[in-house]
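Below: one structure, written as structure tokens.
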Amino acid sequence: MKHLYHQGNEAFAPTLLLLHGTGGTERDLIPLAQAIAPEASYLSVRGSVLENGMPRFFRRLAEGIFDEEDLVLRTAELNEFLEQAAEQYEFDRSRVVALGYSNGANIAGSLLFHHENSLAGAILHHPMVPRRGVQLPSLTGVPVFIGAGTNDPICQTAETEELRSLLEGAGAEATVHWERFGHQLSGGEVEAAANWYREHI
Ligand code: MLT
């Protein structure tokens, strides 16, 4: 997968997995990672699906309607890539914390939904429920930050609460931070994520 890796300064810190939104690249979330965990190493991946030329992490049939088969396949592909990257860059595979926005948050959510121990934690900015009707693996004690907007037309409040409840049902420690905005990432949300990171990771 197209990606970049940055070696941070903290010897034993977790590695952040950066996952951009639709139309982004592996460079998009670097400033966000620097704001949240300035010393951390990061692996930033570019989504390998193109929608009208815009990179994404999995196909969708329409806005908010995911191609489930593709989602499952691409999630497994990303999980395998994490194994390879951990060997190549010599980071601790058991300490990968996802940092995703929008479509990137959705594939991070899908890692949590489908692959046990795939993530040691996750910061999900404006995620949706990646898939319904499946049994989640154990997420006991996995800390998850969800950044949401009460006026987000893509990730509506009920869906955010549904995601929180599914994650908590599997044992995750979910924290939802609300802003009064829409789908965009606001300064207040980034600050809340940085504070959460210091306390939970
Ligand atoms: C998705 O397709 O993952 C969500 O609709 C968010 C986005 O617009 O990328």
Side-chain angles (χ1 to χ4, degrees), residues 1-3 16-33 36 43-79 81-82 96-115 118-119 121-134 136 139 144-167 172 174 176-186 189-190 192-193:
M1 300 182 85
K2 192 162 172 44
H3 68 278
L16 292 178
L17 169 65
L18 311 188
L19 301 161
H20 62 78
T22 300
T25 74
E26 65 280 11
R27 306 209 69 84
D28 281 23
L29 297 194
I30 294 174
L32 184 60
I36 291 175
L43 174 70
S44 188
V45 182
R46 185 185 298 196
S48 44
V49 166
L50 286 181
E51 182 185 84
N52 301 322
M54 296 186 295
R56 285 176 53 85
F57 289 96
F58 55 88
R59 291 199 190 100
R60 61 179 163 184
L61 307 173
E63 177 66 62
I65 304 177
F66 301 155
D67 177 334
E68 283 201 6
E69 201 180 318
D70 193 61
L71 171 69
V72 169
L73 193 135
R74 304 283 176 186
T75 306
E77 196 175 82
L78 178 58
N79 195 39
F81 176 69
L82 289 175
V96 173
V97 174
L99 171 56
Y101 168 66
S102 191
N103 182 245
N106 291 338
I107 191 115
S110 184
L111 278 171
L112 293 170
F113 269 47
H114 294 109
H115 298 279
S118 54
L119 295 175
I123 298 179
L124 308 177
H125 292 288
H126 301 261
M128 297 167 70
V129 173
R131 199 175 174 210
R132 292 185 171 82
V134 288
L136 271 62
L139 293 171
V144 181
F145 173 94
I146 297 175
T150 49
N151 291 303
D152 188 335
I154 298 173
C155 314
Q156 304 212 348
T157 54
E159 184 158 356
T160 302
E161 289 301 345
E162 185 186 352
L163 179 63
R164 177 219 293 262
S165 129
L166 288 167
L167 291 169
V176 179
H177 173 82
W178 290 101
E179 294 278 338
R180 283 176 296 110
F181 303 110
H183 198 60
Q184 78 269 30
L185 194 47
S186 66
E189 187 173 322
V190 175

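Counting from 1, the numbers follow the sequence of the chain as shown. Numbering of ligands and ligand atoms starts at 1, following listing order. Side chains are part of it too, since the values below use all heavy atoms of this structure and drop only hydrogens, waters and symmetry mates.
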Just need the protein heavy atom nearest to [atom], so name the residue and atom and give the distance.
| atom | result |
| --- | --- |
| atom 2 (O) of ligand 1 | Arg56 NH1, 2.8 Å |
| atom 6 (C) of ligand 1 | Ser102 OG, 3.2 Å |
| atom 8 (O) of ligand 1 | Arg60 NH1, 3.2 Å |
| atom 5 (O) of ligand 1 | Glu63 OE2, 2.8 Å |

Filtering Thr22, Asn103, Asn106, Ile107 for the heavy atom nearest atom 4 (C) of ligand 1 leaves Asn106

If I take atom CZ from residue Arg46 and atom CZ from residue Arg27, how far apart are they, to the nearest 0.5 angstrom?
10.0 Å

Quick one: CE on Met128 to CG on Asp152, what's the gap to the nearest 0.5 Å?
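If I round to the nearest 0.5 Å, the distance is 9.0 Å.
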
What are the atoms of ligand 1, with element, lying closer than 4.0 Å to any heavy atom of Met128?
4 (C), 5 (O)

In ligand 1, which numbered atoms sit nearer than 4.0 Å to a non-hydrogen atom of Phe66?
1 (C), 2 (O), 3 (O)

Picking from His183, His20, Arg56, what satisfies side-chain hydrogen bond (donor to acceptor under 3.5 Å, both in side chains) with Ser102?
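Per the side-chain hydrogen bond (donor to acceptor under 3.5 Å, both in side chains) rule, the option paired with Ser102 is His183, out of His183, His20, Arg56.
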
Using the rule side chain to side chain contact (heavy atoms under 4.5 Å, CB included), only one of Leu17, Leu82, Asn79, Val96 pairs with Ser118; which is it?
Asn79

Consider side chain to side chain contact (heavy atoms under 4.5 Å, CB included). Of Asn106, Val129, Val144, which one does Leu163 pass it with?
Val129

Student check: side-chain heavy atoms of Met1 and Leu78 closer than 4.5 Å
yes

